[in-house]
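Have a look at the structure below, then the notes.
This one's a predicted model, so the numbers in the text were calculated from it and none came from an experiment.
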Amino acid sequence: MTGQADEAGRAGEAENEDRGRPGRSTRTYWVAGSAVGLALLFAVGATVAAASDSGGSGSSGTSSRAPGRYSPDAGFARDMAVHHQQAVEMSFIVRDRTGDEPVRSLAYDIANTQANQRGMLLGWLDLWGLPKVIADEPPMSWMAASDGGADGAGGAGSHHGHDMGAAKPGALMTGMATKEELAALGAAGGRDAEVLYLQLMTDHHKGGVAMARGCARQCATPAERALAQGMVEAQQSELTLMADMLKQRGAAPRG
């Protein structure tokens, strides 16, 4: 009888443990959340490093001249700041359109992370003495700027770079939502809002990953290249998460 009781006790403990163990989507969310947190911490360190690097010669004796007005470093900072701003906007919209905790938590993480990174990118432009907006600079022109001369001025018409497809009509940059799509998100509710947000943010992240890869290849500032690579890794993790969340809701990323 004692052996049977012990066996039953162990079975009960195992059952309780299974009930308390998070499911696949929860574990995936924790992994993505950790990636976002690490990217944010890395971005803070990158900003400090950039500030240090801009003040003169580095320990290796190499020049720390500020990037040029049309350089990939400056172009990435300007374009990604705009790209990030829309992600923050969409995340705040969906937060008020659904009570689904996983979606609201994801939206909070994206808004918090990208708002902080946006501040860092704009801070670099201030640090370099460069404008945050250039009226005659086509979006993504820096993606083709690696062979464009000392200031990295790329040729017009080739501004999508190696990884970028053409932006859809009505969108400023690849991956960004149109005004009509933002209005549709604001008008949706419940599951419809969750699915549309996840689809729009999936497109947005794909565009952001391509842009960040461009900076990781082309930017001259080591801290900015490192930050861009951190964005790639964090957003790829979130793309996996969002595909899983869409599947749970009987939907899929848009083609």
Side-chain angles (χ1 to χ4, degrees), residues 31-32 34-54 58 60 62-87 110 113-125 127-128 130 137-155 158-165 167 173-176 201-240:
V31 169
S34 297
V36 172
L38 288 172
L40 183 55
L41 289 172
F42 193 85
V44 173
T47 300
V48 173
S52 300
D53 289 346
S54 67
S60 63
T62 58
S63 173
S64 299
R65 182 173 63 89
R69 182 184 181 93
Y70 295 101
S71 65
D73 307 62
F76 173 74
R78 283 189 288 264
D79 283 346
M80 188 59 88
V82 173
H83 212 267
H84 273 16
Q85 180 58 34
Q86 188 182 78
I110 290 174
T113 300
Q114 297 207 12
N116 277 280
Q117 290 176 346
R118 181 175 184 272
M120 294 167 191
L121 294 166
L122 295 177
W124 278 337
L125 290 170
L127 188 69
W128 298 330
L130 298 175
E137 181 184 42
M140 311 309 303
S141 58
W142 61 271
M143 291 286 287
S146 59
D147 298 322
D151 273 349
S158 59
H159 60 271
H160 295 302
H162 301 293
D163 293 334
M164 307 295 290
M173 284 179 265
T174 303
M176 291 186 69
M201 193 58 73
T202 294
D203 294 343
H204 204 271
H205 270 21
K206 288 178 180 178
V209 165
M211 193 192 308
R213 280 179 173 154
C215 178
R217 283 195 307 265
Q218 296 176 226
C219 289
T221 306
E224 191 175 17
R225 287 200 309 270
L227 174 60
Q229 185 59 40
M231 290 179 184
V232 170
E233 293 167 4
Q235 292 192 26
Q236 283 180 323
S237 179
E238 286 180 338
L239 282 169
T240 300

Q.
Between Gln218 and Trp142 (side chain of the first, backbone of the second, donor and acceptor by atom type, cut-off under 3.5 Å), is there such a pair?
A. yes
Q | Closest non-hydrogen atom pair between Asp79 and Met173, with its separation | A | O-CE, 3.4 Å
(Q) Could you measure the distance from the CE atom of Met176 to the CG atom of Asp203? Nearest 0.5 Å is fine. (A) 12.5 Å
Q: Indicate the atoms forming the closest heavy-atom contact of Phe76 with Ala212, along with that distance.
A: CE1-CA, 3.8 Å
Q. Closest approach of Ala81 and Arg118, non-hydrogen atoms and distance?
A. O-NE, 3.0 Å
Q) What is the distance from atom CE of Met211 to atom CE of Met143, rounded to the nearest 0.5 Å? A) 7.5 Å
**Q.** Shortest non-hydrogen contact between Gly68 and Leu130, atoms and distance
**A.** O-CD1, 3.7 Å
Q: Say whether, by atom type as modelled, one donor and one acceptor occur between the side chain of Asp73 and the main chain of Thr221 under 3.5 angstrom.
A: yes
Q) Got a second to check how far Gln235's CD is from Ile110's CD1, nearest 0.5 Å? A) 8.0 Å
Q. Hey, what's the ring geometry for His83 with His204, parallel, tilted or perpendicular (30° and 60° as the breaks)?
A. tilted
Q) Can you tell me how far CD of Gln114 sits from CD of Gln86, rounded to the nearest 0.5 angstrom? A) 10.5 Å
**Q.** Approximate separation, where rounding is to 0.5 Å, of Leu121 CG and Glu224 CD
**A.** 6.5 Å
Q) Distance from Leu239 atom CG to Met201 atom CE, nearest 0.5 Å? A) 10.5 Å
(Q) Could you work out, with side chain to side chain donor-acceptor pair (under 3.5 Å) as the rule, every residue matching Arg225, not counting sequence neighbours? (A) none
Q: Taking all non-hydrogen atoms of both residues into account, name the closest pair between Ala223 and Trp124 and its distance.
A: O-CH2, 4.1 Å
(Q) Please give me the minimum heavy-atom distance between Ala228 and Ala216, naming the atom from each residue. (A) CB-N, 4.0 Å
